[in-house]
Protein chains: 2
Amino acid sequence: MANAAAERWPSTADQGGRVTITDVAKAAGVSVATVSKVVNGRYGVAPATAARVFEVVEQLGYESSLVARSLRRRRTNVIGVLVAEFEPFSTELLKGISQAIEGTGYELLAYSGGSADGNRVGWERRSVSRLGGTLIDGAVIVTPTVVAPVHDNVPIVAIDPHTGPSGAPTIDSDNLAGARTATEYLIGLGHRRIAHLRGREDLESARLRELGFREAMEDAGIEVDPDLIRVGNYRPDLADAPAHELLDRPDRPTAVFAANDISAIRIVEVAHELGLRVPEDLSVIGFDNVPESASCNPPLTTIAQPLHQMGAEALRMVVDLIEGTPREHHVRLPTSLVVRASCAPPPA
Amino acid sequence: MANAAAERWPSTADQGGRVTITDVAKAAGVSVATVSKVVNGRYGVAPATAARVFEVVEQLGYESSLVARSLRRRRTNVIGVLVAEFEPFSTELLKGISQAIEGTGYELLAYSGGSADGNRVGWERRSVSRLGGTLIDGAVIVTPTVVAPVHDNVPIVAIDPHTGPSGAPTIDSDNLAGARTATEYLIGLGHRRIAHLRGREDLESARLRELGFREAMEDAGIEVDPDLIRVGNYRPDLADAPAHELLDRPDRPTAVFAANDISAIRIVEVAHELGLRVPEDLSVIGFDNVPESASCNPPLTTIAQPLHQMGAEALRMVVDLIEGTPREHHVRLPTSLVVRASCAPPPA
DNA sequence: TTGAAAGCGCTAACAT
DNA sequence: ATGTTAGCGCTTTCAA
């Protein structure tokens, strides 16, 4: 019977539209409310009716629209990960988040809102506004360009946060200690003339990494040449010019500490273009330990952040925030030195 | 004046909700219809009114809800990437897709629907149904567990498709040739007793990789020991048991060709646990060339798929499909051998 | 130039 | 047990 009904009212999908709850209702000969109840397992539906509806749902391949449902309901059970773009850093976090979400009952929605033309800055506010309240129950924002927007509605945690007064929940690693370690490693190798390629001006991590560099230099009694501090913005394309300025001169540094791996890799490439050997003529150390740092040539010595862990921790934090579980709102994870092949004592 | 109005009707966000078009309308003293027109740049609004509305929008930080908008409109200008989970393979594709989407005017939404308990199989049909028609204008599905669902509504392209009659648009690489290359490389090194750890039963790529393996063996006049063909399902956790079965025996193979990198890496780990040295006692070759393959110990020799390119190509294909641009519906990209350190001649 | 009203697909009160 | 209705936030005729 149900089958006969379903056949008489073929899915609108066959005709070009998607299968809606109305299609199911018609085919099953019940109201949409009943279908909704059945699909959502509410009480107050006769077993026979429920069975029939299920059959039609199966037949038609109906699946409720996340959009329509989330417009109406309060919860969607999906957590958003907001990134500017999918590059090595954010995708590593994503791996950690994805693993941690298993078994929580939530699903993951990663949204890249920063790629569009006008939104280089402030993309996260826009993304949160567009998705928040509807569609996602909470969000983790990766390296926001502005102070994490506080939406009273949507719990938000920031990974590698913006500079500034930070009351918002955040995850980061010990950037200061990591930068000191990197610099001390270079100094220990015998370097004195060390450059630093700074990260994104607006990020706390970039500030801290520069500070760690300066502290380590000062502790070693080495004066920092202001001309050897450049800004690479964490981006390989923007690291190109400063890399050339740093290396294409007689009094070039013997080592450079780049604020992240992908710009460090770019430096190595520029060095090669200039006929410099790494690490014989120039030592380069990075930060992050993204997988790419191991596959470049030579493999990059770097400071590891526990990226997967950071993602997992961020996820747990939003979930706790959503569910009202009280907890610490700032988590800082340790960094560690990963020695590979891009650093050596300075040329004699 | 506009400011005064805005101040009199403070954003509901201040009170816990999100800022809606209604809030803006109230604050600007106009109808929601007018606000909508202004925000969407429609004609027929007095410049003065538009200015006032813009001001309020700015003040309140209003951003239209993607959800509500997409429910009403036909286009959302977002493209969905549907994955089971975010692991090295899918995130590499994501990087390529993300790069390719720059300047297209589309935004990216990656949805992981396979992590929930019941949906290990068929997650993509569910995801498409939930998001399609609303929310996303098109989708690229990564390694679907069933034949790509044809939604007349939503253009879909599959990367690394399911086995079976494949009329649907697909992107893949030359798995057959890649597998032959891998096997020939091992044979060239002097190996005769070679095992193959197969991939996911339902994927065309796994079938082709096994076929390439068998062909290369046959061409070399080496008989394949059926006992040396095991299934690892492309997953490290599921590679564990077969790896033990393969290696923990007197007549173990001298080399194994794993259907993908992450299970190859697991094999190396198991070998180490068993006290075997790689590559001295056992050679291992993988497939994919995900970044992780370079950072393991020893660095993995593997067959590279142009993952970023595949992602980019898939993106171009959905966009063309959405916009009705005629084009080829099947793209196959070449593979190549990447020699690192996990393979050597067999022990004497 | 502006606004009222319908409706996108769905859920949740509230009838019946 | 089932259906009717209102409404989530938005866009879009259609009237005024």
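Order of the sequence lines fixes the chain letters, A, B, ..., with proteins taken first and strands second; residue numbering starts at 1 for each chain.
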Inset, instruction - Could you check if a side-chain atom of A:Val78 sits within less than 4.5 angstrom of a side-chain atom of A:Leu66, using non-hydrogen atoms only? - result: yes
Legend entry - Any residue meeting side chain to side chain donor-acceptor pair (under 3.5 Å) with A:Asp160, in chain and number order, not counting sequence neighbours: A:Ser205
Legend entry - Residue B:Glu58 excluded, over 12 heavy atoms near CD under 6.0 Å: no
Inset, instruction - Note down the inter-axis angle between the two ends of the helix from C:dT1-D:dA16 to C:dT16-D:dA1, five pairs each, to the nearest 10°. - result: 50°
Legend entry - Partner residues of B:Glu313 under the salt bridge (Lys or Arg N to Asp or Glu O under 4.0 Å) criterion, sequence neighbours left out: B:Arg316, B:Arg327
Show which side-chain atoms of residues 38-50 of chain A pair as donor or acceptor with protein atoms under 3.5 Å away, not counting sequence neighbours.
residue: A:Asn40; atom: OD1; partner: A:Arg69; partner atom: NH2; Å: 3.3
residue: A:Asn40; atom: OD1; partner: A:Arg73; partner atom: NH2; Å: 3.1
residue: A:Asn40; atom: ND2; partner: A:Ser36; partner atom: O; Å: 2.8
residue: A:Asn40; atom: ND2; partner: A:Ser36; partner atom: OG; Å: 3.4
residue: A:Arg42; atom: NH1; partner: A:Asn40; partner atom: O; Å: 3.1

Inset, instruction - Determine yes or no for a side-chain-to-main-chain donor-acceptor pair under 3.5 angstrom, with A:Glu107 supplying the side chain and B:Tyr111 the backbone. - result: no
Inset, instruction - Could you tell me whether a side-chain N or O of A:Ser112 sits under 3.5 Å from a main-chain N or O of A:Val83, the two making a donor and an acceptor? - result: no
Inset, instruction - With a 4.0 angstrom cut-off to heavy atoms of chain A, pull out the first and last contacting nucleotide of DNA chain D, in 5'-to-3' order. - result: D:dA1 to D:dG9
Legend entry - Side-chain H-bond candidate by donor/acceptor type, B:Glu124 with B:Thr145, under 3.5 Å: yes
Inset, instruction - Summarise how protein sits on nucleotides 9-14 of chain C as a single string, 5' to 3': B when a protein heavy atom is under 4.0 Å from the base, S for sugar-phosphate-only contact, - for no contact. - result: BBBB--
Inset, instruction - Look at all strands and tell whether A:Thr49 reaches a base, only sugar-phosphate, or nothing, counting heavy atoms closer than 4.0 Å. - result: sugar-phosphate
Legend entry - Salt bridge B:Glu92-B:Lys95, side-chain N to carboxylate O under 4.0 Å: yes
Legend entry - Under 3.5 Å: donor-acceptor pair, side chain of A:Arg52, backbone of A:Ala28: yes
